[in-house]
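Worksheet: one structure, shown below.
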Amino acid sequence: MSKIKLITYSLFIFSLLISCKDDDGDLEPVPFQTTPLEVTIPSNFPPMTYPISQNPPTEEGFELGRRLFYEGRLSSDNVISCGFCHIQQFAFTHNDHFVSHGADGAVGTRNAPPVQNMAFMNDFNVDGAAATLDMQPIIPITGSAEMNTSFTEIIAKLSDHPEYPTLFAKAFENGEINSENILRALSQFQVMMVSAESKYDKVLRGEGNVTLTAIENQGRDIYDNKCASCHSGVLLTDQSYRSNGLPVDPQYNDIGRERVTGLTSDRYKFKVSSLKNIEFTGPYMHDGRFWTLEDVLDHYSDGMVNEGGTLDPQFIQNDGSLGIPLTADDKTALIAFMRTLSDTDFIFDSRFSEF
Amino acid sequence: MKRKKIFLIGILSIALLFSCNNDDNNSTNGSLTIEFDNVVSMSEDLTLNVDAFTNSSDETINISELKYIISNIVLIDENGGEFVYPKADSYRVVNELDNASRTITLNNIPYRNYTQVRFGLGVDPTQYPLDQLQNFIPQAEETDMLWAWAAGYKFIKFEGNYTPNGGTEAPFIYHVGSHGTNQDNYKVVTLNLPGTARVDAETTPFVHIMAMIPQVFDGTTTIDLSSADNVQVDPVNAPIISTNFSNIFMAHHVEN
């Protein structure tokens, strides 16, 4: 057989091989490709709790997650997005609202908690009603006082949207607009929302000769002695559930952690909130009852009650009095220290903003 | 020599042509059907909205709603080999009111002789953040098996009325799921089949599973409605009910 014949046969065989491709479209299929996002854990942070290898963030997934976070179509009235109650300049909380507003003017019973460092949390919401970050959005999306919709509805709306089918196709290989991909994208967005650039973070990392002022240091000593047993570590919370002696508001009669565990010993207990960005996240407590940090510290020094008998034992002094003894000077110093926990890089990080 | 080469190339070409076939059809995989039959006794089917039975605490039970989540289906063959049904497709809500929901057809099952079936009752906490389970959310929503206030599923939704002997009728509500990270009420059920389920080209076996509903109350632990008629996130009674419920199933017969 001549060389030419061999080449001809080879080409023929080669064409047969190629012809095995699916003939669904006329265009050559573009191989699916995403751009991985680098996830850096700050050196002073604990390991991530989020199973990131199962949902590694990509530029495309993050961008879809960001769009969804600010998407009003995730609510029944097409107005209430996640970002409606989680506003970036207030460390993703709902400033000026005791409790958050939902679709069609519904009013909730709790104050929107900050969205920051979620990849390091053990469970979610002030009572731990969500065991994983991936499942957490189910609560606001389906809650009648929040976004008041269903996954069936939002999947239909997103599928009819001019841009979302493309965004999902870019982010996920199967390109499907389904509940899994919606939640994966939201998690990819939230996993990237790491707040680690406060003055105190830099002091802890020994970065660039950053030091606390005299009054900030005085506040830090008080924090170390009187606050850090609960608001502990670099996340500024031990993520436990405790009662800090708030008088029960009969309007809500919120039993807290008991709703999740059914245990009466968990009555009126709420998750210890992180002090990160605390300057921006008012109003304070699960129901937003305190407008200022001064109000909060006044509660800790003089406002506690032991309703339900579940007040955290650390607040019960030897003489039977309740709370943490704090002088006016102590409070001033503590608030100066708390302001060193603010991370303006995070508050203004354009990656996380709506526009 | 030349002819041999051309012949070989010809054969090769034909082989390649044939290799273009889709592989879905020439499979060694078949189907198997499982029916979940909720019953009052071996001889009596469960009927909703009538006085269905009386439990050992002398309470007459009238059931209005009965739903439960079946998941993580595994078929075990005569040699102990396990075929794990694709997780994303294994989550189903069995709803007594919806006949179609009580029959689960499993496709793409390897040709083997199966002697056991294993399934989960509820949603496995180690699995449900990811691994395609989230596509179960719309189904759970439509069947009201999703808790709105918590990010979790109701594994069992069991409601109706009960009348204690000589007493007055009262409603009961059992909504059992896991309690955050605090209490895992997911159960695994393994059933021996009374005969071999033979999956092959000719046979789609039918596995008939009976769920003996009275044993929800009179199971491993006896539970009387008068002392527990509203079980929703109940740290004491929810684990009892999920354990009892996991023991109500038996494989009654197999049709090949």
Side-chain angles (χ1 to χ4, degrees), chain A residues 1-2 5-6 9-10 12-17 19-22 50-51 54-55 122-125 127-146 148 150-153 155 176 178-184 187 241 257-266, chain B residues 1-6 8-23 88 123 125-142 144 146-153 176-185 231-239:
Chain A
M1 199 158 58
S2 69
K5 271 189 181 168
L6 250 180
Y9 274 104
S10 305
F12 174 61
I13 289 169
F14 187 62
S15 73
L16 281 174
L17 278 168
S19 69
C20 290
K21 279 194 172 160
D22 255 350
Y50 187 75
Q54 292 180 52
N55 187 25
N122 300 329
D123 50 17
F124 301 87
N125 290 14
D127 56 7
T132 67
L133 181 61
D134 297 322
M135 295 288 280
Q136 196 283 332
I138 294 172
I139 299 175
I141 287 172
T142 61
S144 60
E146 297 188 63
N148 189 34
S150 68
F151 276 81
T152 308
E153 264 179 39
I155 288 165
E176 288 174 24
N178 58 31
S179 43
E180 177 179 359
N181 287 342
I182 289 169
L183 294 171
R184 277 180 181 269
S187 285
Y241 296 89
R257 176 74 172 155
E258 183 186 357
R259 191 170 69 159
V260 173
T261 65
L263 299 167
T264 48
S265 56
D266 281 336
Chain B
M1 190 64 186
K2 256 188 187 176
R3 280 201 173 168
K4 254 190 184 168
K5 269 190 183 166
I6 290 172
L8 276 175
I9 290 171
I11 295 264
L12 182 61
S13 309
I14 289 167
L16 280 170
L17 272 168
F18 274 94
S19 72
C20 288
N21 269 347
N22 234 339
D23 285 332
V123 178
T126 63
Q127 296 299 339
Y128 77 63
L130 292 162
D131 206 9
Q132 303 182 57
L133 179 55
Q134 272 134 357
N135 290 326
F136 176 59
I137 292 172
Q139 190 191 345
E141 254 171 12
E142 282 156 28
D144 194 21
L146 203 60
W147 265 316
W149 58 271
Y153 301 95
V176 176
S178 287
H179 306 165
T181 49
N182 217 55
Q183 168 73 47
D184 170 21
N185 287 317
V231 176
Q232 302 181 70
V233 196
D234 179 328
V236 176
N237 291 306

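Remember, it's a predicted structure, so these values are computed and weren't measured experimentally. Chain identifiers are assigned alphabetically (A, B, ...) following the order of the sequence lines, protein sequences preceding nucleic acid strands; residue numbering begins at 1 within each chain.
- Listed options A:Ser150, A:Gly128, A:Ser187 were ranked by heavy-atom pairs under 4.5 angstrom with chain B; first place goes to A:Ser150.
- For the residue pair B:Gly180 and A:Ala131, the shortest heavy atom distance occurs at C-CB, 4.4 Å.
- There is no contact between A:Leu133 and chain B, counting heavy-atom distances below 4.5 Å.
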Report, one line per pair, each donor and acceptor closer than 3.5 Å where one atom sits in a side chain of residues 259-266 of chain A; sequence neighbours left out.
{"unit_1": "A:Thr261", "atom_1": "OG1", "unit_2": "A:Leu263", "atom_2": "N", "d": "3.1"}
{"unit_1": "A:Thr261", "atom_1": "OG1", "unit_2": "A:Asp266", "atom_2": "OD2", "d": "2.7"}

Could you go through the side chain to side chain contact (heavy atoms under 4.5 Å, CB included) check for B:Glu142 and A:Phe151 one step at a time? CA-CA 10 Å; B:Glu142 282 156 28; A:Phe151 276 81; over 6 Å; no
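- Proximity to chain B involves both the backbone and the side chain of A:Asn178, based on heavy atoms less than 4.5 angstrom apart.
- Of all residues in residues 137-145 of chain A, those placing a non-hydrogen atom less than 4.5 angstrom from a non-hydrogen atom of chain B are A:Ile138, A:Ile139, A:Thr142.
- Residue contact with chain A, scored on non-hydrogen atoms closer than 4.5 Å, involves the side chain of B:Glu141 exclusively.
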Take B:Ile137 and A:Glu180 through the test side chain to side chain contact (heavy atoms under 4.5 Å, CB included) and record every step on the way to the result. CA-CA 8 Å; B:Ile137 292 172; A:Glu180 177 179 359; over 6 Å; no
